[in-house]
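The first residue in the sequence is number 1, and the count goes up from there. Note that the structure is predicted; figures quoted are calculated from it, not measured.
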Amino acid sequence: MGPIPFITVEGPIGVGKTSLAKAISEHFQFHLLREIVDENPFLDKFYDDIEEWSFQTEMFFLCNRYKQLEDIEKHYLSQEKSVVADYHILKNIVFAKRTLKDAQQFDKYLKIYDILTADMPRPNVIIYLNAGLDTLLSRIEKRGRDFEKKISPLYLKQLSLDYDEYMEAFEEKHPDIPVLRFNGDEIDFVQRQDDLELILKQLETTLKEGVHHHESSN
């Protein structure tokens with residue numbers, strides 16, 4: 001039997017990661033791993049004062065995602081059960097680089113990140129979604145999370161650019177991991193079934209072509 005599919009959906013805030021991961025989970029009958037967002041006790045304070053609360057916020061996310069991935073490896077991947085997640089732990093570095101302005105704090109964070117993720121499973125297929133600022137803001141407004149109403153459009157725009165930059169670097173570093181890219185300005189897999197089927201078909205083709213199982217998230 002080939003490697004067990006471990007698929008992650010990534011992209012900036014509001015692009016539709018959870019919606020797509022859920023649709024993939026239902027279509028392929030894969031276990032759905034959803035990131036913990038609402039439970040972060042620092043998030044509301046973070047959007048009020050990013051510099052003051054960035055380290056606490058990022059450490060909470062890192063520790064929780066580490067625990068989730070540890071459980072996924074133990075209870076699913078090692079048991080030959082496929083998983084689709086609405087995040088990749090690489091997002092921790094994308095966010096930390098943007099929010100941790102203090103160089104010493106970022107260095108400390110990076111050391112902890114490297115230790116925790118050294119032997120964590122990483123995906124063998126990534127679906128990368130991105131969209132323009134207007135699309136992201138519209139979708140954030142529609143889902144109506146109170147803490148997200150405080151997000152600065154400038155912060156969101158920069159985050160989107162950070163994601164593009166990081167994904168390009170990731171593809172260069174990991175050419176063996178397929179990255180399927182979709183533009184959220186042109187495709188709406190929530191409202192249009194044809195768009196969803198297009199994504200599912202591309203993913204199915206990629207899975208049939210074969211995936212590789214990796215350790216380490218870096």
Side-chain angles (χ1 to χ4, degrees), residues 8-15 17-18 33-72 85-123 126 128-133 135-137 139-141 143 145-174 177 179 214-218:
T8 62
V9 182
E10 256 304 347
I13 300 166
V15 79
K17 298 182 292 294
T18 302
L33 171 62
R34 297 178 62 168
E35 71 169 324
I36 297 169
V37 177
D38 296 348
E39 294 177 24
N40 191 325
F42 304 107
L43 206 52
D44 196 53
K45 296 175 182 178
F46 170 78
Y47 286 121
D48 279 333
D49 189 339
I50 290 178
E51 288 194 27
E52 179 68 23
W53 293 98
S54 57
F55 190 78
Q56 297 92 327
T57 302
E58 299 303 341
M59 283 303 302
F60 181 92
F61 278 132
L62 177 59
C63 292
N64 273 274
R65 289 167 186 157
Y66 166 78
K67 176 58 178 171
Q68 283 187 305
L69 285 173
E70 190 177 51
D71 290 344
I72 282 297
D86 68 355
Y87 73 91
H88 183 323
I89 203 165
L90 68 80
K91 76 185 305 170
N92 286 65
I93 299 301
V94 176
F95 279 80
K97 276 185 176 179
R98 176 58 42 197
T99 61
L100 296 176
K101 303 298 185 184
D102 185 297
Q104 286 186 327
Q105 276 194 342
F106 181 73
D107 287 345
K108 287 179 182 178
Y109 180 87
L110 196 57
K111 288 176 183 177
I112 298 169
Y113 174 91
D114 287 341
I115 291 169
L116 290 181
T117 61
D119 58 354
M120 284 292 96
R122 59 181 170 83
I126 296 176
Y128 177 51
L129 307 172
N130 209 334
L133 182 60
T135 299
L136 297 177
L137 288 171
R139 291 179 181 173
I140 287 171
E141 184 179 1
R143 70 185 181 193
R145 290 176 177 167
D146 285 340
F147 61 85
E148 287 184 344
K149 294 175 183 176
K150 302 177 181 179
I151 296 176
S152 159
L154 182 62
Y155 171 77
L156 190 59
K157 182 179 181 179
Q158 188 59 58
L159 184 64
S160 182
L161 294 172
D162 291 344
Y163 258 109
D164 277 342
E165 184 179 313
Y166 194 92
M167 287 308 303
E168 287 180 13
F170 182 90
E171 287 185 276
E172 286 185 14
K173 189 175 181 181
H174 304 286
I177 301 178
V179 177
H214 300 270
E215 297 297 325
S216 174
S217 299
N218 298 327

With sequence neighbours excluded, residues passing side chain to side chain donor-acceptor pair (under 3.5 Å) with R34: none
For A131, side chain to side chain contact (heavy atoms under 4.5 Å, CB included) partners two or more places apart: V15, T135, L136, D185
Residue pair E35, K17: steps toward the salt bridge (Lys or Arg N to Asp or Glu O under 4.0 Å) verdict: CA-CA 10 Å; E35 71 169 324; K17 298 182 292 294; 5.2 Å; no
Aromatic plane relationship, W53 with F42 - under 30° parallel, 30 to 60° tilted, over 60° perpendicular: parallel
Pairing residues for L161 by the side chain to side chain contact (heavy atoms under 4.5 Å, CB included) criterion, not counting sequence neighbours: Q158
Audit row: N64, F61, side-chain contact (heavy atoms from CB on, under 4.5 Å) steps and yes/no: CA-CA 5 Å; N64 273 274; F61 278 132; 5.9 Å; no
Note, E148 side chain near R143 side chain (heavy atom, < 4.5 Å): yes
Residues which pass side chain to side chain donor-acceptor pair (under 3.5 Å) with D48, listed by chain and number, not counting sequence neighbours: K150
L90 side chain near T117 side chain, heavy-atom distance below 4.5 Å: no
S160: side chain to side chain donor-acceptor pair (under 3.5 Å) partners, not counting sequence neighbours: N130
Smallest separation among heavy atoms of L100 and S54, with atom names: CD2-OG, 3.3 Å
For P41 against F60, the heavy-atom pair lying closest together: CD-CE1, 3.4 Å
Side-chain heavy atoms of F170 within contact of I126, under 4.5 Å: yes
Side chain to side chain contact (heavy atoms under 4.5 Å, CB included) partners of E168, counting only residues at least two apart: R181
Residues forming a salt bridge (Lys or Arg N to Asp or Glu O under 4.0 Å) with K149, sequence neighbours excluded: D146
Verdict with supporting geometry, I13 and F95, side-chain contact (heavy atoms from CB on, under 4.5 Å): CA-CA 11 Å; I13 300 166; F95 279 80; 4.1 Å; yes
side-chain hydrogen bond (donor to acceptor under 3.5 Å, both in side chains) partners of residues 92-103, not counting sequence neighbours, each pair once: E58-T99, R65-N92, N92-Y109, R98-D162
Listed partners of Q68 passing side chain to side chain donor-acceptor pair (under 3.5 Å), at least two apart: Y87
Side chains of I112 and M59 in contact at under 4.5 Å (non-hydrogen atoms): yes
L116 side chain near I89 side chain, heavy-atom distance below 4.5 Å: no
Residues K91, Y166; criterion side-chain contact (heavy atoms from CB on, under 4.5 Å); working and verdict: CA-CA 9 Å; K91 76 185 305 170; Y166 194 92; over 6 Å; no
Side chain proximity check, I36 to N40, heavy atoms < 4.5 angstrom: no
By side chain to side chain contact (heavy atoms under 4.5 Å, CB included) - contacts of K67 (at least two apart): E70, D71
Residue pair I140 / G14: nearest heavy atoms and the distance that separates them: CG1-CA, 3.8 Å
